[in-house]
Each structure stands twice: as C-alpha cells, then as structure tokens.
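Only this structure's heavy atoms are used, side chains among them; waters, hydrogens and symmetry mates stay out.
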Amino acid sequence: MKKNVMTIVLAIMLAMLCALPVFAQGTKESAAASAAPVKISLWYGAAITEAGPPPADWVALQIIREKLNIDLELTALPSNESDQDVKIQAAGAANNLPDVFMVRRDAWLRLVNQGLIAPVDSLYAKMPVRTAAQYDSASIAFTTVSGKSYGFASPGSISKNEGLLIRKDWLDKLGLAIPKTTEDLAKVLHAFTYNDPDGNGRNDTYGFGAFLEINNYEGGLGRRLQPILGAFGVEGTWNLTEANAGLSVRKPEMYDAMVYIKSLVDDGSIDPNWLAYQKDDFRAAWKQGRFGVMREQNAAYAATANYAPFDKNFPDGEWIVIDPPVGPKGHSSVGPYTTGYRIYAISAKAAQAGKAEKIAELLEWMSSDEGYYLLGWGVEGVNYVKDANGIPVDKDMPLGFSTATGQTVTQLRNMVFFNGDVELYARYPKYVTEVSKKEMSALDVLRDMESRKWTPNNGGDTLPAPNADLKRFYEQGLAEFLTGRRVLNQQNWNAWIAEFDRVGGKAWEDAGIAHAKANNLLY
C-alpha cells in the first residue's frame with residue numbers, strides 16, 4: 001500500500017515537472033507580449049516643409065521606445081492645406097485614419113460628425129504639464145462639440161500681439177493722466193493736437209494715428225480703430241456670443257461709436273491722413289512724432305530695427321501700453337482676437353484599440369523638459385547650446401537647428417511649441433537702444449499687450465465674406481459718414497442700414513450666424 005502511495009506521489013511530481021516548463025514558457029511569452037512596444041502612427045505637420053523628415057535613427061524615436069514603450073511611426077502631411085484635407089478625408093472614408101493626426105478644423109468637424117474621432121476630455125488631466133502649457137478653456141472650447149472635446153488644440157500663431165500705446169512723455173509734458181474712459185481719451189487727443197506736446201512750437205501733432213487695415217474679422221473701419229469700437233461693444237466684424245450673435249455694424253451701438261469717432265474727426269484730433277495712409281506711412285509717421293496714441297503690433301513697435309528711428313528722433317520719447325478706454329456702457333476691448341490653433345485628434349479606431357492613454361503619455365513626454373528641447377531644438381551640444389539666459393542658440397554649429405540638416409530633427413517642434421518665453425526670447429531678445437540706452441524687449445511688450453482686455457472671436461475669420469458690391473457699400477458708407485459726405489444722424493444711419501440690408505447685409509448676417517452655429521463657434 002505504502003509503495004503504491006509513493007508511486008502515485010512520484011507520478012504526480014513527474015507530471016508537475018513535465019508541466020512546469022510549459023507553464024514557465026507561457027508566462028514568459030505573456031510577459032514578452034505585454035512588453036512589446038505599442039505601435040502608434042502619427043501624421044504630423046512639418047515645421048519646415050521644405051526640409052526632409054527626421055532620420056530613421058532619430059534619437060527621439062529611440063528615447064520614446066525605451067522610456068514609453070512606444071514604437072512611433074511618423075508620416076508628414078502634405079505642405080498644402082487643401083492636400084492635407086484630401087489625405088485625411090480619404091483616410092477617414094476608408095476608416096483608415098492614423099492613431100493621432102493633425103487636422104484643420106473644417107475637415108476635423110466632418111470627421112467628428114462621422115464618428116471617426118474619439119473624445120479626449122478624460123485625457124487632459126493625464127497630461128498636467130502639457131495641459132497647463134497648451135490647453136486653456138478657449139482651446140478646449142475650440143474642439144468641443146455637444147459638450148465633448150474631440151481633439152487637442154495647441155497654440156499656433158501669436159494672438160493678442162497688438163495694443164493701445166500712448167506717448168507718456170507727451171502726457172507728462174502736458175500734465176495729463178492716462179485716459180481711462182472715452183471722455184478722457186477725447187480730452188487727451190485734443191491736447192495732443194493743440195497744446196504742442198513735443199514742445200517744438202509748431203502745430204504739427206495729432207492725437208490719434210491710424211490707417212485702414214481691414215480683414216474679414218476686423219471689417220468696416222479695420223484693425224486700428226478697434227480699441228475705440230471696443231468701448232462701445234462693437235469691435236470686430238462679428239459678435240460671436242450666443243446672446244447677441246450677428247454683424248457688429250447692425251448693432252444699435254455701432255451708431256454711438258460712429259458718433260464718437262466723428263466727433264474726434266471733426267475736432268481734428270485724428271491724423272487726417274488716416275484714410276490715405278498705407279502701413280508703411282503709418283509706421284513712418286509715429287516714428288516721426290506725428291501722433292501720440294495708436295494701436296500697434298509688439299515687434300513693429302519694439303523690435304530693434306523698428307524702434308531705432310524713433311529712438312534716434314526722440315531719445316527722451318516714451319511709448320507705454322495702456323488699457324483700452326471704457327465706453328459709456330462699460331465696454332472695453334483692444335479688439336477681437338482669433339487663435340490659430342493646431343488640432344491633433346485621436347482616431348476612434350485608436351481609442352477602441354486602447355491606445356488613447358498611451359497617446360496622452362506620449363504628448364505629456366513631448367511637453368516635458370526632455371521632449372520640449374529635443375523636439376524643439378535637437379540634441380544639446382550637437383544642434384544647439386544654451387546662452388547665458390538659457391536660450392537655445394546654434395551660432396557656428398555645423399549641425400545647428402537652423403541648418404538644413406538640423407531642421408530635420410525639429411520637424412515636430414509645432415507639437416511642443418506654445419509661444420512660451422524660451423521660444424520667444426530667442427525671437428525677441430532684450431537689447432539696449434543705441435541712442436537713449438533704454439533696455440527694450442518686444443517680448444515684454446507682447447506680454448503686456450496680451451494681459452489687456454480682448455474679445456474672443458475664434459472662428460470669426462472663417463465666417464462668410466460679403467460679396468464685392470456689399471463690401472464696397474459697407475466700407476464706403478462708414479467712411480462717407482466720417483468724412484462728412486453723408487450727414488451722420490440717426491435718421492440717415494437707419495436709412496443706410498436699411499439699404500445695407502437690401503443689398504445683401506441681412507442675408508450676409510444670416511449666413512454668418514448659420515455658419516457659426518453649424519461650426520460651434522458661438523460662445
């Protein structure tokens with residue numbers, strides 16, 4: 001009996017020993033499978049379209065594989081935006097979108113409506129560094145449809161880079177305070193025009209300087225008068241609020257703004273050449289001390305070469321950025337702003353395959369110090385070095401990031417750049433002016449301008465434009481009221497608005513509102 005029991009025990013042990021390698025091998029294979037890199041396909045927008053893609057042995061791919069266990073497959077989108085749309089829409093039609101991809105908003109919205117893009121709301125919190133740097137409420141709203149965010153909208157071109165500037169040395173000479181309201185502003189402009197603020201004994205200055213700089217979201221009187229229009233709540237071609245959507249020119253407050261501007265024109269406190277100036281004329285005029293208040297762009301004012309003529313002509317002169325004036329109903333704005341977002345979306349197919357969180361991990365790494373500098377400038381010591389202020393530079397470096405070879409390793413920099421200080425100090429370095437020895441920084445000016453009150457108008461530049469005849473009627477009509485060719489009173493204004501509607505103004509507004517609603521642009 002005992003022998004039989006031992007025989008059975010040995011048989012069981014033998015069976016276990018025989019089975020052990022099988023189990024061990026299975027565990028090993030399972031571990032190997034779980035450790036296999038996750039393949040993620042990325043269609044990116046190249047930073048320098050004429051340069052080639054990153055090399056196959058690009059160190060960033062190796063780091064991403066080793067640290068994130070991601071096998072990243074890169075494909076550059078066509079440089080032409082229309083071709084980008086065609087490529088992405090064709091992939092969508094074939095349900096063959098990449099895992100993550102850059103996409104323009106029109107094509108993106110079509111894919112969202114087709115159910116081909118995954119919501120990403122839960123991923124923002126998983127990317128604390130990247131979200132803090134790149135995604136704010138405006139950018140998230142830009143990709144939100146029916147309460148869900150369907151993509152990551154990163155900053156593109158710099159917005160809010162203009163501001164209302166005033167000659168502080170003129171204020172000081174005349175004993176005036178910085179204007180706070182439209183009434184204050186009118187008094188200052190009058191004094192700048194008639195009280196010889198430059199002290200040269202000649203009647204050769206004006207209060208406000210401008211020129212007609214019209215685009216599709218700053219129509220009518222154009223960009224340079226937006227701080228005044230903003231005081232009446234009619235800045236921008238379009239009002240994109242849910243409660244008051246429509247053309248600004250059709251708002252009752254537009255008449256009030258016109259009356260105010262007309263009073264400045266009649267007083268002579270706006271440079272009378274403003275309707276004839278081109279941009280270069282305007283910029284030459286302020287550098288020659290012709291007027292003391294203007295809306296100007298940060299670099300056009302404060303960059304080294306641009307400020308130099310003013311510095312030479314007026315070593316004791318000083319411009320400062322001020323808040324836009326507050327109007328009679330409490331409105332105030334430098335003007336409307338749009339943000340040139342770049343959308344990166346995750347395909348629904350990738351999300352269904354469980355890749356969404358891995359993509360978030362990849363994006364968060366890109367925004368880490370390691371990813372930011374590696375994708376933005378390359379390898380330190382090879383593609384760049386940092387100067388005394390920590391700013392990447394590549395002077396005299398054969399493989400520097402600005403060289404033909406160096407550019408290939410920065411092709412994904414648009415995925416990490418967010419117009420941060422490091423990027424912009426490289427573009428706008430501090431300097432000391434040649435004559436007055438002031439320390440100047442176009443970046444400091446930009447940050448000041450950004451901090452002032454602006455009106456969000458994201459998508460305002462995508463709304464339908466008026467036809468040529470209506471556009472001419474619109475712009476000429478406003479100019480004729482201000483120059484006196486049409487008498488500006490309420491009756492004439494109402495008649496002009498009625499005619500504006502008759503020639504297509506109301507239909508233009510209806511089309512714009514419909515487009516804004518369909519594209520989720522109202523806020």
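The stretch residues 299-308 participates, sequence neighbours left out, in no salt bridge (charged side-chain N to carboxylate O under 4.0 Å, His left out) pair at all.
Taking the six-membered ring wherever Trp is involved, the centroid distance between the rings of Tyr372 and Trp377 falls below 6.0 Å. Residues Tyr344 and Tyr44 keep their aromatic ring centres 6.0 Å or farther apart. Annotation: Phe208 is not in aromatic contact with Trp274 [ring centroid separation under 6.0 Å not met].
Looking at Gln278, Arg224, Glu218 one by one, the single match for side chain to side chain contact (heavy atoms under 4.5 Å, CB included) with Glu213 turns out to be Arg224. Screening Asn458, Thr462, Leu521 for a side chain to side chain contact (heavy atoms under 4.5 Å, CB included) with Arg105, the sole residue that qualifies is Leu521.
Judged purely by distance below 3.5 Å, without hydrogens or angles, the side chains of Tyr124 and Ser149 pair a donor atom with an acceptor atom. Gln226 and Tyr337 share no side-chain donor-acceptor pair at under 3.5 Å.
Ring geometry, Phe232 versus Tyr260: the interplanar angle falls from 30° to 60°, so the pair is classed tilted. Between Trp286 and Phe310, the ring planes are tilted. Angles from 30° to 60° get that label. Ring geometry for Phe211 versus Phe282: interplanar angle of 30 to 60°, hence tilted. Note on ring orientation: taking the six-membered ring where Trp is involved, the planes of Tyr341 and Phe142 are tilted (angle from 30° to 60°).
Shown here is Lys251, whose NZ atom has more than 12 heavy atoms of other residues, nucleotides or ligands within 6.0 Å.
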